[in-house]
Amino acid sequence: MSEKEIIKGCINKDRKAQKAFVETYSTFMFSICMRYMKAKELAKDALQEALVHTISNLHKYEDQGKFKAWLGTVTTKKCLDQLRKQKRHKYSDIGDYIEPGRDEDITVKMEKDSVVDFMNKLPDNYRISLNMFLVEGYSHKEIGEHLDISESSSRSLVSRGRKLIKDAFQQERLRAESRMQPRIIPRNQLRIIRS
Amino acid sequence: MKNLNKQEKDFRDILQQVSYDLDHNAIWDDINHRLPQKKKKRPVWLFLLGVIALLIAVVLSVTSYNNMKSNSSIAEVAIDDASLNVTRGLRPDNSNVNTNKISDSSIPVDVKLLEQSVSISQGANVQESMVASSRSRYQGNVINNSSYLEKTNLTNNTFATPLSSIVLNKGYNTSVQFDNASSNIASDISHVATREVMPSISKLSMFIDIRNSQAINVKPRMVLYVSMDVIVEKPTLLALSIGSGANKSYSSYSTTDTRNNGFGFENGKYGYNLELMASMENASGWRLSGGLSFTQLSYQYNNAEQNVEVRTDVTGHQDFVIDGEGNRQAEDINAELVTITNYDINWFRYNRDLDLNINLSKRIQLNEKFSLYPTLGVAVNLASHNSGYYFSDNLYDIEKYESQASNPYNSRSGYKANIGMSLETKISKNISLYMRPSFQYNVSNRIVNENYNLRESNTNFVVGIRYRG
């Protein structure tokens, strides 16, 4: 079924269209949920809430932009609602805002697993605000409204997060450089193997 | 995205590309029941089928009730006049039971001990033995086809038996003591009536609560089942009745005039009544009714004389004779006046009254089907139409008239009092027939006259039909 058919069918409460919606968009929505929730079970709960909400409220989608973008926005909001319900986050105003560095002259690329691992290791407030800023494209004002913090706090969180990303890249670079150089073995540790 | 460096863009791209394997079917199973669904349009025929099934169920339940026969294989047992406990709810654990008390004297009851069975169980499984004994009882009970017995709880031994066709009105306590060589058991059995909703007849279920004084495992146990058959009349909010009948009129006159009068030639005749009444009745049997009645009272004036000859000597008359000389001579003579009377009067007069009636009566329940209602009432005339004749001022002559305007009758005949006794019988749940002899006296004067007062009375006999909503 095409996107339009799925949307129209879901508005008409057609079961086939609803199932097609789940099959088509749940993967995309789940990846968003995983970015926010970190734990798989929590992400599944958030996904279910997001699916039920979007399918039930598809009539509110007014075809103004990309459907996936709208879907992403709704899913993000549902994830934030879930996080708020769990009361796992207490956002508070943090310190000074640090301007991130630009155009680093490093060509190192991080692997996907490393990126995911890095994000999962971040404290929740950093992870959430980085996701919202970097990936979803929310402004600091919007982040502040959703997380119930000030705009300046959002800037601080994001900037520190970006610094952490920068540090992560730095470490990855160092790791990469160390892999390229031969290891110098002290002579007394050499084992001579005679045939 | 604004002000992102290359690293951050790469970071973002990687995050956006991350995907996970998902079991879509499992997700669908988890959420599909929460999704909005199209309302299924039920076909109209299904709705009609439901209505028909409901009507059949109502008819069957009414029919089964009307066909109920009590099985009095056991001799009748007199029940003490104790307070009536009415309990609602059939929960085994008594959790939803409300208790109301109704005074016995206010409810006419007919109590018979329907059946009494005793079963003794031996063994550890008390529950099964109780269930088995109750089943054997109900199989033998022709009037009960839809009851059930829930299993008892060993700790409180409470169960409920809703009996669809047995009504119970009274509760009493029975203490059963069973003593044998192996155990001492004391069981207190209290019967509490549970009332179900029925339109006109209360059907009450029996709720048996058995509490054992001690926990018994493998010991003999006695279970006593008692049911009773009672009919209870519920208060009536509104009933309509329509009746018709005949009446016989009597008129009475009072006058200070000592002259002979012609009232003695008037006789009351037969007329007819129609009535339309509404009534309400409380649980005690007091009924207040009001409505309209139309009555025609008839009277006949019958007076006849045939060839009645009356001779009267008359004096003072003279006759004239002429003597031989041609002279007129007057002579006193004796004469006799003969009067012959001949008449036959047979006239009718009719008084047609439209009255507003208010009656008060009290039910005396004779048996299940018949009840008596002694009645007292007052009526006020709303309109009256009279035709025929009226007695003239000389109290003897009667005068015919053609129009209402030229007669001395009042346009309204005033107030009336009545007393009667109604016999009512139920022919179905909502419908009953009645017959009512009564006597009505017109308190007010029907005619305007300085010389006499005309008051009328009549006896009535009305039959009618009453529908109770």
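None of these values were measured; they are calculated from a predicted model. Within every chain, numbering begins at 1; the chains are lettered A, B, ... in the order of the sequence lines, protein sequences first and strands thereafter.
- Remark: A:Val52 engages A:Ser56, B:Ile31, B:Arg34, B:Leu35 in a side chain to side chain contact (heavy atoms under 4.5 Å, CB included) (not counting sequence neighbours).
- Atom CZ of A:Phe30 and atom OG of B:Ser19 lie 10.5 Å apart (nearest 0.5 Å).
- Taken from CG in B:Leu22 to OG in A:Ser26, the straight-line distance is 5.0 Å, to the nearest 0.5 Å.
- Heavy atoms closer than 4.5 Å to chain A are found nowhere in B:Asp13, neither backbone nor side chain.
- Of all heavy-atom pairs between A:Met119 and B:Phe11, the closest is SD-CE2, 3.4 Å.
- Atom CD of A:Glu23 and atom NE2 of B:His24 lie 7.0 Å apart (nearest 0.5 Å).
- A:Val135 has its side chain within reach of B:Gln16: a pair of non-hydrogen atoms, C-beta onward, lies under 4.5 Å apart.
- Applying the side chain to side chain contact (heavy atoms under 4.5 Å, CB included) test to A:Ala17 and every residue at least two apart in sequence or in another chain returns A:Met1, A:Cys10, A:Asp14.
- Between the side chain of B:Arg12 and the backbone N or O of A:Gly137, no donor-acceptor pair lies under 3.5 Å.
- Atom CG in B:Leu15 sits 11.5 Å away from atom CD1 in A:Ile32 (nearest 0.5 Å).
- Looking only at side-chain heavy atoms (C-beta outward), B:Asp21 and A:Thr27 stay at 4.5 Å or farther from each other.
- Rounding to the nearest 0.5 Å gives a distance of 5.0 Å between CD1 of B:Ile27 and CG of A:Leu47.
- With a 4.5 angstrom heavy-atom cutoff, A:Leu130 does not touch chain B via any of its atoms.
- For A:Arg15, the parts sitting under 4.5 Å from any heavy atom of chain B are the backbone and the side chain alike.
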